[in-house]
Amino acid sequence: MENKINIAIDGPAGAGKSTVAKLVAEKLEFIYIDTGAMYRALTLKAIENKVDLKNEKELTNLLTNTTIELTTTARVFLDEEDVSEQIRSLEVTNSVSFVASHSSVRFEMLDRQRSMAQNGGTVMDGRDIGTAVLPNAQVKVFLSASVDERARRRYEENVAKGFSTNFEQLKQEIALRDKRDSERETAPLKKAKDAIEIDTTHLSIDEVVSSILLIVAERT
(Lines give C-alpha, C1' and ligand atoms only; values in the text may rest on other atoms or scores of the structure.)
Protein backbone atom coordinates (compact mmCIF):
# COMPACT_ATOMS: atom_id res chain seq x y z
CA MET A 1 0.00 0.00 0.00
CA GLU A 2 1.52 3.31 -1.13
CA ASN A 3 -0.59 5.54 1.12
CA LYS A 4 0.93 5.01 4.56
CA ILE A 5 -1.90 5.79 6.93
CA ASN A 6 -2.08 5.11 10.66
CA ILE A 7 -4.69 2.71 12.02
CA ALA A 8 -5.89 2.97 15.63
CA ILE A 9 -7.46 -0.09 17.24
CA ASP A 10 -8.88 0.38 20.74
CA GLY A 11 -10.95 -1.73 23.07
CA PRO A 12 -11.13 -3.34 26.51
CA ALA A 13 -9.03 -6.26 27.77
CA GLY A 14 -9.70 -9.49 25.90
CA ALA A 15 -11.47 -7.89 22.94
CA GLY A 16 -8.84 -9.29 20.58
CA LYS A 17 -6.95 -6.10 19.86
CA SER A 18 -3.40 -7.49 19.83
CA THR A 19 -4.13 -10.56 17.72
CA VAL A 20 -6.20 -8.63 15.20
CA ALA A 21 -3.88 -5.61 15.02
CA LYS A 22 -0.87 -7.85 14.40
CA LEU A 23 -2.63 -9.66 11.53
CA VAL A 24 -3.88 -6.41 9.97
CA ALA A 25 -0.32 -5.05 10.08
CA GLU A 26 1.01 -8.19 8.41
CA LYS A 27 -1.61 -8.01 5.64
CA LEU A 28 -0.82 -4.35 4.92
CA GLU A 29 2.94 -4.68 5.55
CA PHE A 30 2.61 -2.00 8.24
CA ILE A 31 4.44 -1.78 11.55
CA TYR A 32 2.52 -3.16 14.53
CA ILE A 33 2.82 -1.12 17.73
CA ASP A 34 1.51 -2.89 20.84
CA THR A 35 1.16 0.00 23.30
CA GLY A 36 -0.13 -2.31 26.00
CA ALA A 37 3.17 -4.16 25.87
CA MET A 38 4.96 -0.90 26.69
CA TYR A 39 2.94 -0.49 29.90
CA ARG A 40 3.44 -4.17 30.69
CA ALA A 41 7.20 -3.80 30.28
CA LEU A 42 7.29 -0.88 32.72
CA THR A 43 5.08 -2.84 35.13
CA LEU A 44 7.48 -5.78 34.99
CA LYS A 45 10.45 -3.56 35.73
CA ALA A 46 8.60 -1.89 38.62
CA ILE A 47 7.74 -5.26 40.15
CA GLU A 48 11.30 -6.52 39.79
CA ASN A 49 12.64 -3.34 41.40
CA LYS A 50 9.97 -3.34 44.12
CA VAL A 51 8.66 0.07 43.08
CA ASP A 52 5.27 0.97 44.56
CA LEU A 53 2.84 0.71 41.62
CA LYS A 54 0.69 3.46 43.13
CA ASN A 55 3.59 5.91 43.44
CA GLU A 56 3.40 8.02 40.28
CA LYS A 57 6.66 9.91 40.89
CA GLU A 58 8.73 6.76 41.40
CA LEU A 59 7.19 5.10 38.34
CA THR A 60 7.82 8.16 36.17
CA ASN A 61 11.44 8.29 37.27
CA LEU A 62 11.75 4.60 36.52
CA LEU A 63 10.31 5.11 33.03
CA THR A 64 12.70 8.01 32.33
CA ASN A 65 15.58 5.58 32.78
CA THR A 66 13.99 2.77 30.81
CA THR A 67 14.24 1.82 27.16
CA ILE A 68 11.39 -0.15 25.60
CA GLU A 69 11.75 -1.42 22.06
CA LEU A 70 9.08 -3.12 19.96
CA THR A 71 10.36 -5.08 16.98
CA THR A 72 8.66 -5.78 13.66
CA THR A 73 8.37 -9.42 14.79
CA ALA A 74 6.33 -8.36 17.86
CA ARG A 75 9.14 -8.99 20.36
CA VAL A 76 9.44 -6.65 23.33
CA PHE A 77 12.81 -5.55 24.66
CA LEU A 78 13.15 -3.92 28.08
CA ASP A 79 16.55 -2.28 28.53
CA GLU A 80 17.80 -4.48 25.67
CA GLU A 81 16.49 -7.71 27.29
CA ASP A 82 13.79 -9.73 25.51
CA VAL A 83 10.85 -9.84 27.95
CA SER A 84 8.15 -10.83 25.47
CA GLU A 85 7.05 -13.79 27.61
CA GLN A 86 7.58 -12.30 31.09
CA ILE A 87 5.27 -9.35 30.43
CA ARG A 88 2.35 -11.77 29.88
CA SER A 89 2.53 -13.24 33.40
CA LEU A 90 -0.56 -13.11 35.60
CA GLU A 91 1.22 -10.82 38.06
CA VAL A 92 1.90 -8.25 35.35
CA THR A 93 -1.59 -8.67 33.86
CA ASN A 94 -3.24 -7.97 37.20
CA SER A 95 -0.98 -4.98 37.98
CA VAL A 96 -0.60 -3.10 34.71
CA SER A 97 -3.78 -1.02 35.07
CA PHE A 98 -2.33 0.61 38.21
CA VAL A 99 0.75 1.71 36.25
CA ALA A 100 -1.31 2.87 33.28
CA SER A 101 -3.52 5.04 35.49
CA HIS A 102 -0.78 7.61 36.23
CA SER A 103 -0.94 10.80 34.14
CA SER A 104 2.79 11.48 33.89
CA VAL A 105 3.47 7.88 32.87
CA ARG A 106 0.84 8.09 30.14
CA PHE A 107 2.18 11.44 28.87
CA GLU A 108 5.70 10.00 28.51
CA MET A 109 4.36 6.88 26.82
CA LEU A 110 2.22 9.05 24.53
CA ASP A 111 5.29 10.94 23.31
CA ARG A 112 7.12 7.71 22.59
CA GLN A 113 4.13 6.20 20.76
CA ARG A 114 3.56 9.28 18.61
CA SER A 115 7.21 9.29 17.66
CA MET A 116 6.89 5.70 16.45
CA ALA A 117 3.91 6.61 14.25
CA GLN A 118 5.15 9.92 12.85
CA ASN A 119 5.90 8.49 9.40
CA GLY A 120 2.63 6.57 9.07
CA GLY A 121 2.30 2.95 8.08
CA THR A 122 1.44 1.73 11.57
CA VAL A 123 -1.26 -0.29 13.26
CA MET A 124 -1.38 0.73 16.90
CA ASP A 125 -3.57 -0.94 19.51
CA GLY A 126 -4.43 0.13 23.03
CA ARG A 127 -7.13 1.87 25.02
CA ASP A 128 -6.62 5.53 24.12
CA ILE A 129 -5.11 5.43 20.64
CA GLY A 130 -8.02 6.97 18.75
CA THR A 131 -8.80 9.53 21.45
CA ALA A 132 -5.37 10.58 22.79
CA VAL A 133 -2.34 9.08 21.06
CA LEU A 134 -3.38 9.33 17.39
CA PRO A 135 -6.56 11.45 17.30
CA ASN A 136 -5.90 12.13 13.59
CA ALA A 137 -5.52 8.48 12.61
CA GLN A 138 -7.16 7.88 9.25
CA VAL A 139 -8.83 4.67 10.45
CA LYS A 140 -10.16 4.16 13.97
CA VAL A 141 -11.69 0.90 15.14
CA PHE A 142 -13.12 0.07 18.56
CA LEU A 143 -13.33 -3.66 19.31
CA SER A 144 -15.80 -4.85 21.92
CA ALA A 145 -17.02 -8.21 23.28
CA SER A 146 -19.04 -9.44 26.24
CA VAL A 147 -17.27 -9.96 29.56
CA ASP A 148 -18.08 -13.68 29.41
CA GLU A 149 -16.50 -14.03 25.97
CA ARG A 150 -13.41 -12.07 26.93
CA ALA A 151 -13.00 -14.17 30.08
CA ARG A 152 -13.35 -17.34 27.98
CA ARG A 153 -10.60 -16.17 25.63
CA ARG A 154 -8.29 -15.27 28.49
CA TYR A 155 -9.07 -18.61 30.21
CA GLU A 156 -8.12 -20.59 27.10
CA GLU A 157 -5.01 -18.47 26.63
CA ASN A 158 -3.89 -19.15 30.22
CA VAL A 159 -4.58 -22.89 29.89
CA ALA A 160 -2.56 -23.00 26.67
CA LYS A 161 0.35 -21.34 28.48
CA GLY A 162 0.09 -23.79 31.38
CA PHE A 163 -1.05 -21.12 33.88
CA SER A 164 -3.36 -22.06 36.75
CA THR A 165 -6.61 -20.19 36.07
CA ASN A 166 -10.21 -19.80 37.23
CA PHE A 167 -12.95 -18.68 34.84
CA GLU A 168 -15.14 -16.91 37.40
CA GLN A 169 -12.14 -15.09 38.85
CA LEU A 170 -11.14 -13.99 35.35
CA LYS A 171 -14.60 -12.54 34.79
CA GLN A 172 -14.30 -10.51 37.97
CA GLU A 173 -10.78 -9.32 37.07
CA ILE A 174 -11.82 -8.26 33.57
CA ALA A 175 -14.84 -6.36 34.90
CA LEU A 176 -12.60 -4.63 37.44
CA ARG A 177 -10.05 -3.80 34.73
CA ASP A 178 -12.82 -2.28 32.61
CA LYS A 179 -13.87 -0.12 35.55
CA ARG A 180 -10.31 1.09 36.26
CA ASP A 181 -9.59 1.82 32.59
CA SER A 182 -12.86 3.64 32.04
CA GLU A 183 -12.74 5.75 35.19
CA ARG A 184 -9.09 6.88 35.21
CA GLU A 185 -8.63 10.64 34.91
CA THR A 186 -6.08 10.66 32.08
CA ALA A 187 -7.01 9.21 28.69
CA PRO A 188 -9.69 6.80 29.91
CA LEU A 189 -10.85 3.88 27.81
CA LYS A 190 -13.59 5.14 25.54
CA LYS A 191 -14.63 4.90 21.93
CA ALA A 192 -13.55 7.82 19.72
CA LYS A 193 -16.52 9.62 18.19
CA ASP A 194 -15.34 8.77 14.68
CA ALA A 195 -14.36 5.17 15.43
CA ILE A 196 -16.18 2.21 13.93
CA GLU A 197 -17.20 -0.31 16.58
CA ILE A 198 -16.96 -4.02 15.85
CA ASP A 199 -18.52 -6.42 18.37
CA THR A 200 -16.23 -9.47 18.20
CA THR A 201 -18.28 -11.66 20.56
CA HIS A 202 -19.54 -13.93 17.81
CA LEU A 203 -16.88 -13.27 15.15
CA SER A 204 -13.78 -15.26 14.28
CA ILE A 205 -10.40 -13.54 14.18
CA ASP A 206 -10.36 -13.77 10.38
CA GLU A 207 -13.80 -12.13 10.18
CA VAL A 208 -12.67 -9.21 12.33
CA VAL A 209 -9.47 -8.77 10.30
CA SER A 210 -11.45 -8.82 7.04
CA SER A 211 -13.84 -6.19 8.39
CA ILE A 212 -10.98 -3.86 9.27
CA LEU A 213 -9.24 -4.37 5.93
CA LEU A 214 -12.50 -3.45 4.19
CA ILE A 215 -12.67 -0.24 6.22
CA VAL A 216 -9.07 0.56 5.31
CA ALA A 217 -9.76 -0.05 1.61
CA GLU A 218 -12.69 2.35 1.75
CA ARG A 219 -10.58 5.08 3.37
CA THR A 220 -7.55 4.91 1.07
Side-chain angles (χ1 to χ4, degrees), residues 8-21 34-60 62-63 76 83 85-107 109-110 124-133 141-192 195 197-202 208:
I9 300 178
D10 288 305
K17 301 184 299 296
S18 299
T19 301
V20 167
D34 179 359
T35 62
M38 297 173 71
Y39 288 101
R40 285 175 173 271
L42 178 61
T43 302
L44 175 65
K45 185 170 181 176
I47 292 172
E48 290 178 342
N49 287 274
K50 302 187 185 307
V51 172
D52 181 358
L53 302 183
K54 296 183 179 180
N55 189 317
E56 182 170 2
K57 185 176 181 180
E58 288 188 16
L59 281 170
T60 304
L62 187 70
L63 178 57
V76 182
V83 294
E85 308 304 326
Q86 295 96 311
I87 64 171
R88 305 296 173 187
S89 71
L90 289 178
E91 184 176 18
V92 171
T93 296
N94 291 333
S95 303
V96 65
S97 62
F98 292 109
V99 173
S101 68
H102 299 301
S103 299
S104 55
V105 170
R106 296 200 74 85
F107 289 145
M109 288 291 196
L110 185 147
M124 189 178 295
D125 82 299
R127 287 170 173 73
D128 61 349
I129 309 305
T131 55
V133 181
V141 174
F142 189 90
L143 299 183
S144 62
S146 68
V147 171
D148 278 7
E149 174 60 16
R150 287 185 281 141
R152 184 192 66 78
R153 294 172 185 171
R154 186 61 53 81
Y155 178 85
E156 292 181 352
E157 181 181 322
N158 287 345
V159 169
K161 291 179 179 177
F163 294 159
S164 176
T165 190
N166 179 287
F167 179 73
E168 290 301 322
Q169 183 178 344
L170 283 172
K171 282 176 60 177
Q172 294 176 13
E173 290 173 352
I174 286 175
L176 180 60
R177 178 76 189 273
D178 287 351
K179 186 174 187 297
R180 287 180 191 154
D181 288 340
S182 300
E183 295 181 351
R184 68 177 177 235
E185 291 185 5
T186 304
L189 167 66
K190 65 178 181 181
K191 175 186 167 186
E197 181 168 353
I198 300 175
D199 185 342
T200 70
T201 304
H202 302 294
V208 178

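Heavy atoms only: backbone and side chains are in, while hydrogens, waters and symmetry mates are out. No experiment lies behind these values; they were computed from the predicted model shown.
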| message | Can you confirm whether R150 sits close enough to V147 that some side-chain heavy atom of one is under 4.5 Å from a side-chain heavy atom of the other? | response | yes
| query | Is the CD atom of E91 crowded by more than 12 outside heavy atoms at less than 6.0 Å? | reply | no
| Least distance between heavy atoms, T60 atom then S104 atom | OG1-OG, 2.6 Å
| said: With a 3.5 Å distance limit and no angle check, can you tell me whether R106 reaches the backbone of S101 through a side-chain donor-acceptor pair? | reply: no
| query | Looking only at heavy atoms, what is the nearest atom pair of M109 and M38, with distance? | reply | CE-O, 3.3 Å
| said: Is it the case that the side chain of T201 and the backbone of S146 share a donor-acceptor pair, with hydrogens and angles ignored and the cut-off at 3.5 Å? | reply: yes
| task | Mark yes or no for whether K17, through its side chain, and G11, through its backbone, hold a donor-acceptor pair below 3.5 Å. | result | yes
| said: What's the separation between atom CD in Q172 and atom CD in Q169, rounded to the nearest 0.5 Å? | reply: 7.0 Å
| query | Do E197 and S144 have side-chain N/O donor and acceptor atoms under 3.5 Å apart? | reply | yes
| task | Taking the side chain as every heavy atom from C-beta outward, state whether R40 and T93 have any atom pair closer than 4.5 Å. | result | yes
| task | Find the distance between CD (E173) and CG (N94) and round it off to the nearest 0.5 Å. | result | 4.0 Å
| message | Quick check: closest heavy atoms across R153 and G14, and the distance to 0.1 Å? | response | NH1-O, 3.1 Å
| request: Tell me, with the steps shown, if M124 and T35 meet side-chain contact (heavy atoms from CB on, under 4.5 Å). | output: CA-CA 7 Å; M124 189 178 295; T35 62; 3.4 Å; yes
| remark: Closest heavy-atom pair, L143 versus T200, reported as atoms and distance to 0.1 Å, is CD2-CG2, 4.0 Å
| said: Whether the side chain of K190 engages the backbone of S182 through a donor-acceptor N/O pair (distance < 3.5 Å, no angle test) should be reported. | reply: no
| field | Backbone of G130 reached by a side-chain donor or acceptor of D10 within 3.5 Å | value | yes
| request: Please report the closest heavy-atom contact between V105 and L63, naming both atoms and the distance. | output: O-CD2, 3.9 Å
| What closest approach, in Å, do H102 and K54 show between heavy atoms, and which atom pair accounts for it? | CE1-O, 3.6 Å
| request: Measure the spacing between CG of N49 and CG of L59 and express it to the nearest 0.5 Å. | output: 10.5 Å
| query | Would E48 and K45 pass as an ion pair if we require N to O under 4.0 Å? | reply | no
| remark: d(L42 CG, I87 CD1) to nearest 0.5 Å is 11.5 Å
| task | Mark yes or no for whether R127, through its side chain, and L189, through its backbone, hold a donor-acceptor pair below 3.5 Å. | result | no
| request: To the nearest 0.5 Å, tell me how far E56 CD sits from F98 CZ. | output: 14.5 Å
| To the nearest 0.5 Å, what is the distance between OG1 (T165) and CG (L170)? | 3.5 Å
| task | State, yes or no, whether a side-chain contact exists between Y39 and S95 at a heavy-atom distance under 4.5 Å. | result | no
